[in-house]
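Computed from a predicted structure; not experimentally measured.
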Amino acid sequence: MPNYQTDIAEARKRYSAARSAWSEIHKDAAFDLQMVSGDQWEAVVRNARREAGNKPVLTFNQEHIFVQQLENEVRMNRPSIHVNPKDDPATEETAEFFEGKIREIQYRSQADVAYDHAVGCSGSCGLGFIRISVDYCGKQTFDQDAKIERVLDPLSVFFDPSAVRPDFSDAKYCFVRVPMPWSEYRARFRKSQFQGFDDYLSTWSAGTMSDDDGDWATEDHIMLAEYWKVEESSRTLVLLRSTGETGYADEPGFDDPDDYLRTRQETQRKIVMCLMNGQEVLEETEWDGEWIPIVPVLGREMIVKGKRKFLSLVRFVHDSQRLLNASRSGEAEALGMAVRADWSGPTGSFKSMQNAIRSGNLANLRIVEWDPVIEPNTNQVMPPPKREQYEPAIQALSQVSMQVSDDMRKGVGYTDAVLAPSAQNDLSGKAIQKRVQQQSLTNFHFGDNLTRAQWHIGRILIDLISKKFDTPRRTRIVGEDMRTSDVAHTTYRNDDGSIDYVDGVNPQDHHVVNDGSYSVIVTTGPSYDTRRDETFQFMQGIVQAVPNMFPVIGPVMFKYSNAPGSAEIVKVLTAVAPPAVQAILSENQPDEAQMQQQLMMAMQQNQ
């Protein structure tokens, strides 16, 4: 294997520490996932009921319904990433480029799949993760682009336990375990010391591996780990007295200490990813960004007796769920114990019916035969045996099931507020909507944690775009209305400050992405299509109230229409609109006073 710089001993030590710190969290999360997936009976209880006459073992899974409701609430109000310029060199146009590029990355990556999966995992077990990666744009090209992917198994991620920020951006390392079949491993890593499970066993038997390595390999696969680590270094930032410029002391033009007005030490971060199998480093690559590109979407975080916990949506309803299963199974068992006989008579009374019973014509017929007994004194046949009447407690069991179901809804914060007795007098549409919104606030923190995750994703993508794509290139961005356009971006300027333009792209559509810094804002609310429809309906209401306003706002109103041919309608209405409206809609706008005067004249003419 190549001589990589990663210290395998330090990596194993960090992995052991992270695994130990996350073991109890993962244990609770694994039980949550087991319950949500429907495996809700303890094996001992299940086996005991089946051995005792095959009693019913029924599962009425309510937990996955609560998780689905949480996911769908987030889907209705998806967070969206916005970018703003942060300092003087930054521009609004480049901020719009970043925002459009991030939107294009999300659209191309189907990022909503990763977001939905992460929220579902956080609701199911308190942990969800999203990752950012870089891949080639296509075949026969060296251009690369970022993409957003889901982490399928949230229990495969082990972050630095000392990280305290909600997005884990201060973590010094992170492990992501990835299983790989032996056949694929042998084809990809021919120089590895492990070429099969026998090699792994022989190394372990020789005493060069500890018991902690027992879960790194099985007969079918070997477990690999992506080991993400942060390497920090210090650089001296200086402010020159003569020019007022800021730079680093190790750069040309900033190496004169006598010209320093101010100095300070600044920490530089480098991210390295090492692929390891627990005993050796298989690959080592450097990530171009500043942060580890694994982003958590967490449940509620708590510290209990000095230990960290992440609570899922269903953490505290497992007992109620099992009680519901037991109660409903008891109902089924009670119904099954009820004995029903269609006919009864002395032994031999139904001989003529046996052929019909065997042929299936009367297969569902239930009969009870009894042996006649002669009373010695009266020489008469005694009455047939009488079974004591038994009424199964179905009603009581049903009431228990209803009470348990209500307890589960309260446990996760979902109640039937609309159907409650106190709500019978205010069942208007607005009242129902208000109650539903009030109910959703109970679990609002799950969606809010996704918002925090997307804020960090926006930071990672801006940082990656500013560093990764250093040559002028043409790229596609997506607008808020999902319409695409082509622009160019680069991180390189010529010595005279100019940039090289890309053929086919207007000069004003070129962006130097590392000029200045940019901040990320994440908003949550209805989608663009919903807001566009609301705007169209609002303007339509204005026109209905004041018809003479149609020539003024008609071109803008149909701009927000999603009807086929709306673009052509906008062009026609713009052509016949008043001059002031045409000037506003065009790039050559008059001054504000002239524009207001023309609008007033147009409105007076339409009265």
Legend entry - Residue pair Ser122, Leu127: steps toward the side chain to side chain contact (heavy atoms under 4.5 Å, CB included) verdict: CA-CA 4 Å; Ser122 67; Leu127 301 172; over 6 Å; no

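- By the side-chain hydrogen bond (donor to acceptor under 3.5 Å, both in side chains) test, Ser133 pairs with Glu149, sequence neighbours left out.
- Between Glu231 and Val272, the closest side-chain pair of non-hydrogen atoms falls below 4.5 Å.
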Inset, instruction - Walk me through it: do Asp288 and Lys467 pass the test salt bridge (Lys or Arg N to Asp or Glu O under 4.0 Å)? - result: CA-CA 6 Å; Asp288 290 308; Lys467 296 176 180 177; over 6 Å; no

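- At a cut-off of 3.5 Å, with distance as the only test, no side-chain donor of Arg190 or Tyr185 sits close to an acceptor on the other residue.
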Could you list the donor-acceptor pairs under 3.5 angstrom formed by side chains in residues 290-303, with sequence neighbours left out?
from: Glu301; atom 1: OE2; to: Arg308; atom 2: NE; distance (Å): 2.6
from: Glu301; atom 1: OE2; to: Arg308; atom 2: NH2; distance (Å): 3.0

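- With 3.5 Å as the limit, one finds no donor-acceptor pair spanning the side chains of Tyr136 and Asp145.
- Scanning for side-chain hydrogen bond (donor to acceptor under 3.5 Å, both in side chains) contacts around Glu251 gives an empty result, with sequence neighbours left out.
- Taking the ring centroids of Trp228 and Phe159, they lie at or beyond the 6.0 Å cut-off.
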Inset, instruction - Using the side chain to side chain contact (heavy atoms under 4.5 Å, CB included) rule, take Ile130 and Ile148 through it: C-alpha gap first, then chi angles, then the decisive distance, then the call. - result: CA-CA 7 Å; Ile130 303 168; Ile148 301 171; 3.5 Å; yes

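- Distance check, rounded to the nearest 0.5 Å: CG of Leu224 to NE2 of His221 gives 9.5 Å.
- Atoms OG and CG, from Ser561 and Asp533 in turn, are 8.5 Å apart once rounded to the nearest 0.5 Å.
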Inset, instruction - List the steps, then state whether side-chain hydrogen bond (donor to acceptor under 3.5 Å, both in side chains) holds for Thr263 with Thr236. - result: CA-CA 7 Å; Thr263 65; Thr236 302; over 6 Å; no

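- Annotation for Tyr260: atom OH counts as buried by contact number, over 12 foreign heavy atoms lying within 6.0 Å.
- Judged by distance alone, with hydrogens and angles left aside, the side-chain atoms of Arg177 form no donor-acceptor pair with the main-chain N or O of Phe158 at under 3.5 Å.
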Inset, instruction - Any chance you could lay out the salt bridge (Lys or Arg N to Asp or Glu O under 4.0 Å) test for Arg188 and Glu283, step after step, and finish with the verdict? - result: CA-CA 11 Å; Arg188 182 174 173 181; Glu283 292 178 351; 3.2 Å; yes

Inset, instruction - Kindly determine whether Glu232 and Arg269 satisfy side chain to side chain contact (heavy atoms under 4.5 Å, CB included), including the steps that lead there. - result: CA-CA 5 Å; Glu232 295 183 342; Arg269 293 163 55 95; 3.9 Å; yes

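- For the side-chain hydrogen bond (donor to acceptor under 3.5 Å, both in side chains) test, no residue two or more places apart in sequence or in another chain qualifies with Tyr173.
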Would you tabulate the side-chain donor-acceptor contacts of residues 161-169 under 3.5 Å, counting partners in other chains and residues two or more places apart, or write 'none'?
from: Ser162; atom 1: OG; to: Asp160; atom 2: OD1; distance (Å): 2.8
from: Ser162; atom 1: OG; to: Asp160; atom 2: OD2; distance (Å): 2.8
from: Asp167; atom 1: OD1; to: Ser169; atom 2: N; distance (Å): 3.0
from: Asp167; atom 1: OD1; to: Ser169; atom 2: OG; distance (Å): 2.8

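- When atom types are taken as modelled, the side chain of Asp463 and the backbone of Arg459 share no donor-acceptor pair closer than 3.5 angstrom.
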Inset, instruction - Under the side-chain hydrogen bond (donor to acceptor under 3.5 Å, both in side chains) rule, what do Asp259 and Ser242 come out as? Steps first, then yes or no, please. - result: CA-CA 7 Å; Asp259 194 23; Ser242 59; 2.7 Å; yes

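- Without hydrogens or angle criteria, Glu226 side chain to Cys274 main chain gives no donor-acceptor distance under 3.5 Å.
- Between the side chain of Glu480 and the backbone N or O of Gly100, no donor-acceptor pair lies under 3.5 Å.
- Nearest heavy atoms, Ser192 versus Asn277: OG-ND2, 3.8 Å.
- Here Gln268 pairs with Ser233, Arg235, Tyr248, Glu266 under the side-chain contact (heavy atoms from CB on, under 4.5 Å) rule; sequence neighbours left out.
- For the pair Leu464 and Ile462, the minimum side-chain heavy-atom distance is 4.5 Å or more.
- Among pairs with a residue in residues 90-124, those fulfilling ring-ring contact (aromatic ring centres under 6.0 Å, His included) read Phe97-His489, Phe97-His511, Phe98-Tyr518, at least two apart in sequence or across chains.
- Under a 3.5 Å cut-off, the side chain of Ser109 and the backbone N or O of Ala111 do not form any donor-acceptor pair.
- In this view, Phe310 and Trp22 satisfy the ring pair (Phe, Tyr, Trp, His ring centres under 6.0 Å) rule, not counting sequence neighbours.
- In this structure the side chain of Thr475 reaches within 4.5 angstrom of the side chain of Val487, judged on heavy atoms.
- For Val556, the side-chain contact (heavy atoms from CB on, under 4.5 Å) partners two or more places apart in sequence, or in a different chain, are Met539, Tyr560, Leu585.
- Between the side chain of Ser20 and the backbone N or O of Ala17 there is no donor-acceptor pair closer than 3.5 Å.
- For Asp87, the side-chain contact (heavy atoms from CB on, under 4.5 Å) test picks out Pro89, Ala90, Ser517, with sequence neighbours left out.
- Ser124 and Ser312 are not linked by any side-chain donor-acceptor pair at a separation below 3.5 angstrom, with hydrogens and angles left out of the test.
- Ionic pairing of Glu104 and Lys101 is present here: one or more N-O contacts between side-chain nitrogen and carboxylate oxygen are shorter than 4.0 angstrom.
- Taking CG of Asn449 as the start and CZ of Phe444 as the end, the distance is 10.0 Å to the nearest 0.5 Å.
- Not one N or O on the side chain of Arg12 forms a donor-acceptor pair closer than 3.5 Å with the backbone of Gln279.
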Inset, instruction - Kindly determine whether His26 and Ser23 satisfy side-chain hydrogen bond (donor to acceptor under 3.5 Å, both in side chains), including the steps that lead there. - result: CA-CA 5 Å; His26 283 183; Ser23 60; over 6 Å; no

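- Shown here are the side-chain hydrogen bond (donor to acceptor under 3.5 Å, both in side chains) partners of Arg103, two or more places apart in sequence or in another chain: Glu99.
- Lys309 is listed as a side-chain neighbour of Asp28, based on a closest heavy-atom distance under 4.5 Å.
- Atom CG of Leu450 sits about 14.5 Å away from atom CH2 of Trp455, to the nearest 0.5 Å.
- Proximity of a side-chain donor or acceptor of Arg186 to a complementary backbone N or O of Gln195 within less than 3.5 Å is detected.
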Inset, instruction - Start with the C-alpha gap between Val176 and Arg131, add the side-chain angles, then the distance that decides, and say whether side chain to side chain contact (heavy atoms under 4.5 Å, CB included) holds. - result: CA-CA 11 Å; Val176 182; Arg131 68 183 305 155; 4.2 Å; yes

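- For Lys13, there are no side-chain contact (heavy atoms from CB on, under 4.5 Å) partners, not counting sequence neighbours.
- Between the CD atom of Gln144 and the NZ atom of Lys147 there is a distance of 11.0 Å, given to the nearest 0.5 Å.
- Under the 4.0 Å criterion applied to side-chain N and carboxylate O atoms, Arg75 and Glu71 are assigned as salt-bridge partners.
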